[in-house]
Amino acid sequence: MYAQMITSEATQDDPEKLAAFQARIDAGEKIEPKDWMPAGYRKTLIRQISQHAHSEIVGQLPEGNWITRAPTLERKAILLAKVQDEAGHGLYLYCAAETLGVSRDELTEMLLDGRMKYSSIFAYPTLTWADMGAVGWLVDGAAIMNQVPLQRTSYGPYARSMVRICKEESFHQRQGFDIMMKMANGTEAQKRMAQDALNRFWYPSLMMFGPSDKESVHSEQSMAWKIKMNSNDELRQKFVDQTVPQAEYLGLTIPDETLAWNEEKGGYDFAEPDWSEFFDVLKGNGPCSVERIEARQKAWDDGAWVREARLAHAAKKRAAKVAAE
Amino acid sequence: MKQEWPLWEVFIRGQHGLSHRHVGSLHAADAEHAIQNARDVYTRRKEGVSIWVVPAADITASSPDDKGSLYDPADDKVYRHPTFFDIPDDVGAM
Amino acid sequence: MSVQGLIRMGDNTLVLGQRVSEWCGHAPALEEDIALANTALDLIGQTQLWLGLAAEREGKGRTADTLAYHRDAWDFRNLLVVEQPNRDFGVTMMRQFLFDAWHLEALKALTEHEDAEIAAIAQKSVKEVTYHRERSSDTVIALGDGTEESHERMQAALDRLWPYVGEMFSTDEDDLMDVSALRPAFDAYLETVLAEATLSRPDSDFAHMGGKTGARHTEHLGHMLATMQVLPRSHPDATW
């Protein structure tokens with residue numbers, strides 16, 4: 001997911017306060033910025049929300065890669081609007097993280113120096129126009145699985161930004177599928193691109209949900225705090241079950257020979273992605289990991305004079321106003 | 001010491017006659033910049049809305065520990081809640 | 001009514017929209033990233049209207065998309081200023097400001113055009129471009145006045161782009177209006193903004209020409225079109 005491998009922080013607070021806090025969460029109450037919260041809850045949330053925000057910002061890059069090459073004016077406008085939405089979503093999420101006592105600049109620096117991560121999926125390249133379809137269809141499809149339940153998460157600012165994000169994101173997956181339909185029903189070359197995009201994005205999409213969390217203590221804590229709403233396996237299964245018929249509709253083949261309907265569980269059996277690849281990507285060895293951070297670093301460095309100048313101008317205006325009064 | 005653009009809270013009146021509602025936050029160097037950013041980020045520039053921006057640092061908030069004294073007294077004034085009044089159906093919408 | 005005049009309007013917004021969209025994901029702050037995308041989206045939308053009308057009036061079965069994607073550089077009729085590369089944020093915003101200041105005056109005049117369809121496009125665009133000019137003006141003022149470095153960058157940007165300003169006011173019978181008449185209003189507005197921005201208008205009024213006539217574009221346009229047009233050109237029988 002956009003926030004992967006988030007380990008919940010141990011918490012050493014007063015047991016009585018902890019119990020009262022848990023009772024509030026169990027009762028479905030929202031926790032707000034000024035409310036008392038366990039240190040571990042705060043830390044885990046900062047890491048999770050920031051990683052989600054970083055994923056949105058880094059996630060602008062693979063799709064941004066095709067804005068200048070979109071094949072029609074309408075496709076260009078739609079893609080630009082979508083990537084712009086991702087910037088907006090990053091912004092909402094950074095603001096939610098800021099309510100927990102960190103600044104956006106601090107978080108940005110932690111992304112750039114590798115202390116914080118972004119979703120593994122955005123370390124993969126977008127090589128043809130069909131990838132714009134595959135990213136919308138598969139990547140946004142997977143993200144939505146996680147984001148819809150997060151609208152009910154226990155932390156108020158996070159839940160509210162999620163509501164806004166889900167509302168704006170509703171067209172993202174559809175536009176991706178729409179591109180895939182055109183490609184899959186298009187020329188021979190377009191069909192090839194569509195199948196190739198599915199081949200390349202299928203397993204990275206499955207990885208988005210993170211490794212199986214059957215054994216994870218951390219997941220349990222996060223689920224009790226309602227900052228993680230479903231298990232990784234549960235969401236991955238749901239994603240596969242939803243996507244297989246869509247691929248069939250497109251006339252595309254999911255690159256998994258073991259894929260089969262399992263009557264008993266009422267879902268598909270499918271092959272696990274290569275988890276060693278996943279851990280390599282998380283370590284910064286994804287095909288585009290270096291380029292992604294380089295691009296963010298360049299934007300940050302190149303923009304420094306602009307950010308400083310804006311502040312300097314604001315200070316001069318304030319001074320002039322005071323002098324005039 | 002590096003400085004960051006300050007944080008602003010954004011309030012938008014979506015339609016005439018409604019009050020401004022908090023929609024989110026953003027960073028901007030000054031008030032004019034904050035208004036423009038709010039327009040770009042939160043309205044995607046739809047016409048006919050009114051925007052307020054307030055420096056987040058200038059907001060005074062009640063402390064959650066005061067919750068009891070601030071909110072409990074109203075709890076027994078149930079007549080403040082519209083559902084208290086039983087309006088006969090044939091009066092129509094109210 | 002001149003199809004070339006419509007194509008000029010549409011090529012300006014197309015080429016500048018394409019340039020501005022290159023920023024998506026790379027701007028100095030998230031707020032600026034989103035604002036630039038809004039500008040680019042407006043310009044692409046205006047392109048669809050202008051080139052759509054041009055194609056219709058031409059009556060050769062072309063569309064806004066075929067005009068955008070299946071013409072070579074010498075058939076483009078945009079001003080040289082909009083095909084200039086983004087370079088840094090200062091050049092990008094100065095280019096935007098200079099174009100917006102011209103564009104808004106041009107559109108205001110076109111709202112009175114005798115051709116109702118032209119007036120309608122102008123009317124819709126005026127609303128958007130009024131905001132473009134407000135935002136780019138404020139940015140030029142803030143960055144011109146801001147720090148020593150930002151001041152230097154903005155003055156350098158103005159000096160770099162100034163030779164492309166004169167072309168905006170050169171006119172011929174293909175134009176939808178006499179654009180030379182827009183110069184006084186442009187100059188007056190420019191003066192107020194540059195004063196607030198503490199920037200100096202360059203002395204020389206030398207002007208490069210050749211964009212709007214197609215006689216001589218800069219080298220930059222060909223590269224931009226190579227990127228922009230690659231898919232429809234490589235797959236002419238495909239629909240997207």
Side-chain angles (χ1 to χ4, degrees), chain A residues 53 56-81 83-88 90-91 94 104 108 128-129 179 182-183 185-187 189-190 193 295-296 298-300 302-317, chain C residues 14 17-38 40-41 44-45 47-48 51-52 63-65 68-69 88-90 93 138-139 141-151 153-154 197 224 227-235 237-240:
Chain A
E56 297 281 357
I57 302 312
V58 176
Q60 284 185 274
L61 300 170
E63 285 176 287
N65 184 35
W66 281 90
I67 290 172
T68 56
R69 290 178 289 172
T72 70
L73 293 170
E74 192 183 30
R75 289 285 181 205
K76 189 188 292 292
I78 294 170
L79 184 62
L80 179 55
V83 182
Q84 179 197 41
D85 276 352
E86 284 154 15
L91 186 149
Y94 282 125
R104 192 201 289 178
T108 304
T128 73
W129 176 251
I179 291 175
K182 279 277 185 196
M183 299 298 281
N185 297 311
T187 63
Q190 284 177 304
M193 284 187 234
R296 291 310 311 160
K298 185 174 188 312
W300 181 244
D302 290 355
W305 71 272
V306 177
R307 297 191 299 274
E308 278 161 29
R310 273 281 185 187
L311 279 177
H313 173 68
K316 284 187 195 175
K317 264 204 307 194
Chain C
L14 171 60
Q18 173 80 2
R19 279 287 185 236
V20 177
S21 76
E22 292 169 14
W23 273 99
C24 189
H26 308 278
L30 277 177
E31 286 81 357
E32 302 292 344
D33 207 292
I34 293 167
L36 284 168
N38 275 333
L41 283 168
I44 296 166
T47 303
Q48 290 174 299
L51 293 187
T63 64
D65 278 331
Y69 288 95
D88 70 352
F89 188 73
M93 292 312 296
D138 285 1
T139 306
I141 289 168
L143 300 182
D145 174 63
T147 62
E148 207 174 308
E149 180 187 359
S150 73
H151 177 82
R153 282 178 183 263
M154 295 313 282
M224 181 178 138
T227 301
M228 187 177 94
Q229 298 178 335
V230 62
L231 276 177
R233 296 284 193 125
S234 322
H235 304 274
D237 48 345
T239 55
W240 307 95

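Numbers restart at 1 for each chain; the letters A, B, ... are given by sequence-line order, proteins then strands.
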Considering the options Ile67(A), Val83(A), Leu79(A), which one meets the side chain to side chain contact (heavy atoms under 4.5 Å, CB included) requirement together with Ser21(C)?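 For Ser21(C), the side chain to side chain contact (heavy atoms under 4.5 Å, CB included) check succeeds only for Ile67(A).
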Just by modelled atom types, is the [Y] backbone N or O under 3.5 Å from a matching donor or acceptor in the [X] side chain?
{"X": "Arg307(A)", "Y": "Pro28(C)", "answer": "yes"}
{"X": "Lys316(A)", "Y": "Asp145(C)", "answer": "yes"}
{"X": "Arg310(A)", "Y": "Gly146(C)", "answer": "no"}
{"X": "Asp88(C)", "Y": "Asp302(A)", "answer": "no"}
{"X": "Gln190(A)", "Y": "Thr239(C)", "answer": "yes"}

If you look at every heavy atom in [X] and [Y], which pair is closest and at what distance?
{"X": "Thr72(A)", "Y": "Asp65(C)", "value": "CB-OD2, 3.5 Å"}
{"X": "Ile44(C)", "Y": "Ala77(A)", "value": "CG2-CB, 4.2 Å"}
{"X": "Ile34(C)", "Y": "Ala87(A)", "value": "CG1-CB, 3.8 Å"}
{"X": "Gln84(A)", "Y": "Leu41(C)", "value": "OE1-CD1, 3.7 Å"}
{"X": "Leu30(C)", "Y": "Gly90(A)", "value": "CD1-C, 4.1 Å"}

Let me see the working for Gln60(A) and Asp33(C) under side-chain contact (heavy atoms from CB on, under 4.5 Å), right down to the final yes or no. CA-CA 11 Å; Gln60(A) 284 185 274; Asp33(C) 207 292; 3.4 Å; yes
Could you check which of Arg153(C), Gln48(C), His26(C), Glu32(C) has the highest count of heavy-atom pairs closer than 4.5 Å to chain A?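 Result: the option with the highest number of such pairs is Arg153(C).
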Under 4.5 Å from any heavy atom of chain C - which part of [X]:
{"X": "Ile57(A)", "value": "side chain"}
{"X": "Leu61(A)", "value": "side chain"}
{"X": "Thr187(A)", "value": "side chain"}
{"X": "Ala189(A)", "value": "side chain"}

Would you say Val230(C) and Trp129(A) make side-chain contact, with heavy atoms under 4.5 Å?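 Not in contact.
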Sequence neighbours excluded - salt bridge (charged side-chain N to carboxylate O under 4.0 Å, His left out) pairs with any residue from residues 57-75 of chain A: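 As it turns out, the salt bridge (charged side-chain N to carboxylate O under 4.0 Å, His left out) pairs with a partner in residues 57-75 of chain A, which skip direct neighbours, are Glu63(A)-Lys82(A), Arg75(A)-Asp178(A).
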Working note: His313(A) + Leu143(C), criterion side-chain contact (heavy atoms from CB on, under 4.5 Å); need CA distance, chi angles, decisive distance, verdict. CA-CA 7 Å; His313(A) 173 68; Leu143(C) 300 182; over 6 Å; no
Run the ring-ring contact (aromatic ring centres under 6.0 Å, His included) test against Trp23(C) and tell me which residues pass, sequence neighbours left out.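 ring-ring contact (aromatic ring centres under 6.0 Å, His included) check on Trp23(C) returns Phe89(C).
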Give a yes or no on whether a salt bridge exists between Arg104(A) and Glu31(C), defined as a side-chain N under 4.0 angstrom from a carboxylate O.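 Yes, this pair counts.
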